[in-house]
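Computed from a prediction, not measured in an experiment: that's the story for all the values here.
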Amino acid sequence: MSTAFGAAPTIRADGPPTWLTSRWTQALLVLAALLAGFAVLRGEHAFPALPEPFQIGPFFDRVYDWVVANRNTSPLFLYGFNYLSVGLGSAVILVNQVLTLLTWPGVTVLGTFTAWRVAGPRTAALVLAAFAVFGLTGLWSEAMTTLALIITSVLLALLIGIPLGILAGRNEGFDAAIRPVLNFLQIMPAFAYLMPMLLLFGIGNPAAAVATTVYAFPPAVRITALAIRNVDKGAVEATTSLGSTSWQLLTKVQLPLARRTIMLGVNQTIMLAVSMVVIASVIGAGGLGDAIYQALNKVNVGQAFEAGLAIVLMAIALDRVTAAAGNREYASGGSPVPRLAMTAAAVLAAVAASVLARLAGVADWPREWTLSAAGPINAFNDAVQDLFGDATAAVGEFLLGWVLDPLRTLLTDSPWWLVLLAAAALGLVLGGWRTALVAGLSLLGTGLLGVWGLSMDTLSQVLVAALVTVALGVVVGVLAARGDTFSRILRPILDAMQTLPPFVYLIPAVALFGIGRVPALAAAVVFALPPVIRLVEDGIRGVPPESVEATTSLGSTSWQLLTKVRLPLARSSILLAVNQGIMMVLAMVVIGALVGAGALGYGVVFGLAQNQLGLGLTSGLAIVCLGVLLDRLTQSAARRTG
Amino acid sequence: MTSQATETTERHPSNGDAKIAVRHLWKIFGGNADSVLGTENQSMDRDAIRERTGCTVAVRDVSFDVAPGEVFVVMGLSGSGKSTLVRCLTRLIEPTSGKVVLDGADIGQADPQELRELRRHKIAMVFQHFGLLPNRKIIDNVAYGLEVRGMSRADRYARAREMIDMVGLSGSENSRPGQLSGGMQQRVGLARALAVRPEVLLFDEPFSALDPLIRRDMQNEVCRLQRELDVTAVFITHDLSEALKLGDRIAIMRDGELIQVGTPEELVGRPADDYVRDFVSDVSRTDVLTVSWLMRAPAGDEPLDGPVTAPTTVVRDVVPQLARGTAPVRVVDGDRLLGVVGRTDVLRVIAEDQSEGDSGSAASGAGASTEG
């Protein structure tokens, strides 16, 4: 099993590479074997059902039944989760009440003022615009519900995450202990968090708050630990040599010096919380996410767009403010007295604004001030549909009939053991026996969970979406790497795209392709594109200029330069981009189900919505299995060439 | 302990009134130091020990005394263990075995509280990369040691200002470290160490990161402050000229061991082995050796009417006197005649300087030693 000639097409090895030892040829052979097997054994050997006591879905269903039966009697719930649930619910309500009490002018004044002090006038204008959009679209109270949920979960996540991070940063043993837990939490798809929360807390805000907290706290721990560990060793040693106690070292040296990095963690936590809060609308968290969800259900693109715009602005505003808070230089810190005065002034101004609003009788955003864009957008959407409808429909039908369906048939109708062997063989070719083992086991896992068919359906969609993403990403990335102007234009767009919660990508996809697997695929592609473009561009820009110069001096055309020098040398970045692209596409599986992608995603959504824990959890775990499979295959491909 | 260790003790007999006494200090990095200490591995060389046990011996059976008010320089190439050694003195790095005694008290026995008090009041350290806090103003950096002691803001600021003046940084109190040049930052580091009024100052290659002109300024500054404040200093450096300039005594370190401890003259005049000889080979002997190193009893027929000089005069400075007349220079302490230095004695030293690499150690045969 030699893969020594893996790099043969680009770098001349000693002898001519025999085509049999090239691992891409071998991978093709594996696919050919799969196709042949499919042709012969089509429709036979479906994954056998396990005997009843070993089925996993029904087991989870029994757990669910037990919880429902005992929720009001078991001490675990009576004195544990129920208290927590009530406490969290009250916290969210409390924050929401404060926001309501302040009224919209008060909140706007406070928010804009804070943004101005922390991040300067431009961000303040952005924040002001965001608040204006909340009001004008008539979504003010939804926006405040979402904001309250974000504030509560972020505070909770930081309250847990930062101390844990400090501990992990100062104590190697604790760090080693907590690391696998964080790894596990971070590879779980967002939706997988919802299920157990729903079970323990029931539908509503407490479950959403806990799910969001659990989803958002790992980066706070990681980045805080990293920040503490990266504090200048010299400063720590010098202050130790002056006799600091451990507490003095932490408060006077480590925390102040780690502050900027920790703020980066806070920023990450907030962004994760924003995307989770939107997703949590599926388990009854109200607010903007729910507005999008409802609008998408009714295929009302205009309404979905409004709510989407509101959440996008909220995400970007939160991102800019917290990013700026982290970037502030030490020197501009100023003395504490004026800062205190400023804070007091801001609070006073906010209170004054809210009192004035009450006196003027506009404590709630006046109905007549709303400016619904839903109508015009829907009209515009219809016009677009009329204009491009045929084209998009054709594209959709082509994808469905010629790509998605055949691949799905291939995967679902082949004998299960053949698919499994093919995956293992691919693992062997790309990585080695270890990868082969993991690939085989993870596919076997989906079968044991009892969702083999759904998994194959999802796998086919993910593969197609990943292929499209990578193709587009490489083209755009190459263009961006070679055109500075294009890159400059692209950069802020990618920045903005990466701050958006994945939910939002469904809106344009639905607008163009309606409902079904194709819009889900389009949304996944758009969601996964930014990191792919980034990595490809960075990889190509990272090619040593000497290599380019040398080959140019030998008279290469620019196409030769690209195919013979730039792409091969950027290979490891590109393979990493493939890996990232696939993982991002996979993260969209459940979200795509909201617009009709079906398969595993639908299992999760349906399970959540209908309280079918068995279906929901097995589908969620199967997604994790597919994630492990694809991650291992692509990562080992990247490593072998590195 | 071992025979080797005893030998070391004999070489450096314990001095009752030493400020710092280090005895059989070992620092072994790696999981199982026990597999080195007290076994036959102990006497193997560093690479062999690493191969056998996976441990790195950074400091190996080091013993020395530092007298009150003395500047003791530890000098060696990078990786010789000198930085580890100085950190072991205040247990910034915990020694594997051995004793560090400060004013008769074993630092190794101090509990965390006592150790902190020691660091807050008695020993301060200056670091190669300064170790300043970039988020604090200069005055708050200088006052840090006082702050962690719990001194009031007004008091510590007053003291910090005094120190900032002393190192010549007046006016920079409210700057931040990032706004200062490297030399100025090291002055801040020095002021911070001095602010706690330490009895012992430890310097870990403090000037290696500075450019040569500033380095010379800082060396003079340290000489001045050390004299003025009368502190005991342990100074780590890899720069021989710096060691010769600052050190009352110099210890040469290689692979974790002290090879030779002595005055600059002793190192230059009587190197313990080829390693040290190689080290000091570029040093001009006439600049380092004093007349007391060369002087001998006058021969019977020598005229005793030559010029007089003090025993601390370096050889270079008696060359003009010898050039003027044929009589040897008389070395006197007050009225007492200690010995004489003649033309041939000086010429021999000059000849040695010129024939570098020649292994003949003529200097060691030249007259009586004035040790002790």
Side-chain angles (χ1 to χ4, degrees), chain A residues 118 162 166 169-173 175-176 223-224 226-266 324-340, chain B residues 83 86-87 89-93 110 112-137 140-150 174-179 185-186 188-190 192-196 198 200-204 206 209:
Chain A
V118 172
I162 291 183
I166 291 172
R170 305 183 97 206
N171 184 329
E172 300 276 327
D175 187 49
I223 298 179
T224 305
L226 185 77
I228 295 281
R229 230 173 291 128
N230 282 357
V231 165
D232 178 22
K233 298 270 181 302
V236 172
E237 189 174 43
T239 44
T240 309
S241 83
L242 288 163
S244 311
T245 61
S246 177
W247 177 251
Q248 286 170 331
L249 196 65
L250 178 67
T251 54
K252 290 176 193 286
V253 183
Q254 289 175 321
L255 282 183
L257 295 191
R259 198 200 57 160
R260 291 169 96 181
T261 318
I262 293 178
M263 278 310 291
L264 195 72
V266 173
N327 278 335
R328 272 192 302 175
E329 281 300 323
Y330 298 123
S332 67
S335 62
V337 182
R339 227 188 296 169
L340 206 67
Chain B
S83 289
V86 76
R87 280 167 175 74
L89 299 186
T90 56
R91 287 168 61 193
L92 282 176
I93 292 177
Q113 178 62 31
E114 289 165 353
L115 187 62
R116 262 198 309 275
E117 288 306 314
L118 203 76
R119 289 172 178 171
R120 286 177 181 183
H121 296 275
K122 282 193 140 178
I123 304 184
M125 188 156 169
V126 180
F127 295 86
Q128 179 177 7
H129 296 295
F130 325 137
L132 302 179
L133 302 177
N135 57 328
R136 288 174 165 238
K137 291 183 287 192
D140 283 318
N141 265 293
V142 173
Y144 184 90
L146 308 170
E147 182 183 331
V148 296
R149 273 187 201 175
N174 291 318
S175 311
R176 313 240 166 202
Q179 297 164 320
Q185 290 192 38
Q186 194 55 293
V188 177
L190 191 57
R192 176 177 64 183
L194 292 173
V196 300
V200 176
L201 266 177
L202 307 177
F203 295 89
D204 179 28

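- Within the 4.5 Å cutoff, no side-chain heavy atoms of Leu133(B) are placed close to those of Pro256(A).
- A donor-acceptor pair under 3.5 Å links the side-chain atoms of Arg120(B) to the main chain of Gly243(A), judged by distance alone.
- Contact record, Gly131(B) with Ala238(A): O-CB, 3.5 Å, taken as the closest heavy-atom pair.
- A pairwise comparison of heavy atoms in Ser244(A) and Tyr144(B) identifies OG-OH, 2.8 Å as the closest pair.
- For the atom pair OG (Ser241(A)) and CG (Asp204(B)), the distance works out to 10.5 Å, reported to the nearest 0.5 Å.
- With a 4.5 Å cut-off on side-chain heavy atoms, Arg149(B) and Leu242(A) do not count as touching.
- With a 4.5 angstrom heavy-atom cutoff, Leu92(B) touches chain A only via side-chain atoms.
- Heavy atoms of Ile123(B) lying under 4.5 Å from chain A belong exclusively to its backbone.
- Atom CD of Gln113(B) is surrounded by more than 12 heavy atoms from other residues, nucleotides or ligands within 6.0 Å.
- In terms of heavy-atom pairs under 4.5 angstrom with chain B, the leader among Asp232(A), Val253(A), Val236(A) is Val253(A).
- Among Glu117(B), Arg87(B), His129(B), Arg91(B), the residue with the largest count of heavy-atom pairs under 4.5 Å with chain A is Arg87(B).
- Residues Arg136(B) and Lys252(A) are in side-chain contact: their nearest non-hydrogen atoms beyond the backbone lie under 4.5 Å apart.
- You'll find the side chain of Glu147(B) stays beyond 4.5 Å of the side chain of Gln248(A), heavy atoms only.
- At a threshold of 4.5 Å between non-hydrogen side-chain atoms, the residues Thr245(A) and Val148(B) do not count as touching.
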